[in-house]
Undergrad: 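First, the structure itself, so that you have it in front of you.
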Amino acid sequence: MEGIGGGGASAASRPLPQSGHDTWRMYQYYLDKTTPHTTYRWIGTLVIAAIYCLRVYSVQGFYIVSYGLGIYLLNLLIGFLSPLVDPELEVSDGPLLPTKGSDEFKPFIRRLPEFKFWYSMTKAFCIAFVMTFFSLFDVPVFWPILVCYWIVLFVLTMRRQITHMIKYKYIPFNIGKQKYTGKKAYASSSGSRGD
C-alpha cells in the first residue's frame, strides 16, 4: 500500500525533470550519431565559426570575447596535440612514447581526443556568438594589440609544442596506414629503369 500512495505523489512532481532528462537523452543520442562523421562535423564547425566572424565584423565590436575565444581555442589545440602521458612529467607503467628506434611501438594517445576537441570548439563558438548579443561583453579595447599579443602567444606556445614533439619523436596526426606494395611494384619499377 505504501508503494502505491508514494508512487502517485512523486509521479506528479516528476514530469518537468523527466522531460528535461528525455531532452538531454535525445540530444546525447544525436550527438553520438555524429561521431563517425568527422568531415561533416568539422564543416559544420567551420560554418559556425564563419557566422561568428561575420557577426563580430558586422557589429565592429566584441574583440575581448574573440580574444578570450582565441585563448581557449589555443588551449584546446595544445591539449589535442599533447600526449596523454607527458614523458617529461610523469613516469608511468602504462603506454609511453618510444624515444629510440629500438623501443616498442606504442600508439599516440591524445590528452584531448578529437571528438572532445571538436565538441568543445563548437560549444565555444556558440557561446561566444550568444555573448555578442549582450552589450555587457562589448568592452572597448584597441583590437590590434590583442591580435599581436595572441599571435605572439600562439607562436611561442607552438614552438614549445613542436620542440617537445621533436624531442620525444612523436607525430600527433594519423597520416594513414602505410601499405606494403610487394615485390611486383619493386620489380616493375626496376624493370622500367633498364629501358
Undergrad: Measure the CG-CD1 distance between Leu76 and Ile71 for me, rounded to the nearest 0.5 Å.
TA: 11.5 Å

Undergrad: Measuring centre to centre across the rings, with the benzene-like ring taken for any Trp, is Phe129 within less than 6.0 Å of Phe133?
TA: yes

Undergrad: Hey, are Arg111 and Ser82 close enough side-chain-wise for a donor-acceptor pair under 3.5 Å?
TA: yes

Undergrad: According to a hydrophobic-cluster definition based on side-chain heavy atoms being under 4.5 Å apart (Ile, Leu, Val, Met, Phe, Trp, Tyr only), do Tyr30 and Trp24 belong together?
TA: no

Undergrad: Indicate every side-chain donor-acceptor pair of residues 121-128 with a distance under 3.5 Å to a residue at least two apart or in another chain.
TA:
from   : atom 1 : to     : atom 2 : distance (Å)
Thr122 : OG1    : Thr45  : OG1    : 2.7
Thr122 : OG1    : Trp118 : O      : 2.8
Thr122 : OG1    : Trp118 : NE1    : 3.3

Undergrad: In this structure, would Leu46 and Leu73 fall into the same cluster of hydrophobic residues linked by side-chain contacts under 4.5 Å?
TA: no

Undergrad: Using ring-ring contact (aromatic ring centres under 6.0 Å, His included) as the criterion, list what pairs up with Phe117, not counting sequence neighbours.
TA: Trp42, Phe80

Undergrad: Side-chain donor-acceptor pairs under 3.5 Å in residues 58-67, sequence neighbours left out?
TA:
from  : atom 1 : to    : atom 2 : distance (Å)
Ser58 : OG     : Leu54 : O      : 3.2
Ser58 : OG     : Arg55 : O      : 3.0
Gln60 : NE2    : Tyr57 : O      : 2.6
Ser66 : OG     : Tyr52 : OH     : 2.7
Ser66 : OG     : Phe62 : O      : 3.3

Undergrad: Rest of the hydrophobic cluster containing Tyr40 (Ile/Leu/Val/Met/Phe/Trp/Tyr, side-chain heavy atoms under 4.5 Å)?
TA: none

Undergrad: Taking transitive links into account, so neighbours of neighbours count too, which hydrophobic residues share a cluster with Phe142 at under 4.5 Å side-chain distance?
TA: Ile145

Undergrad: How far apart are the closest heavy atoms of Asp32 and Pro36, and which atoms are they?
TA: O-CD, 4.1 Å

Undergrad: What's the shortest heavy-atom distance between Ser120 and Tyr72, and which atoms?
TA: CB-OH, 3.7 Å

Undergrad: Just how far is it from atom CG of Leu69 to atom CG of Leu74, taken to the nearest 0.5 Å?
TA: 11.0 Å

Undergrad: Would you say CZ of Phe115 has more than 12 non-hydrogen atoms from neighbouring residues, nucleotides or ligands within 6.0 angstrom?
TA: yes

Undergrad: Would you list the atom pairs, donor with acceptor, under 3.5 Å between side chains in residues 155-163 and any protein atom, with sequence neighbours excluded?
TA:
from   : atom 1 : to     : atom 2 : distance (Å)
Thr157 : OG1    : Leu153 : O      : 2.7
Gln161 : NE2    : Leu81  : O      : 3.4
Gln161 : NE2    : Tyr170 : OH     : 3.2
Thr163 : OG1    : Arg159 : O      : 2.7

Undergrad: If you measure from CE on Met26 to CG on Leu31, what distance do you get to the nearest 0.5 Å?
TA: 13.5 Å

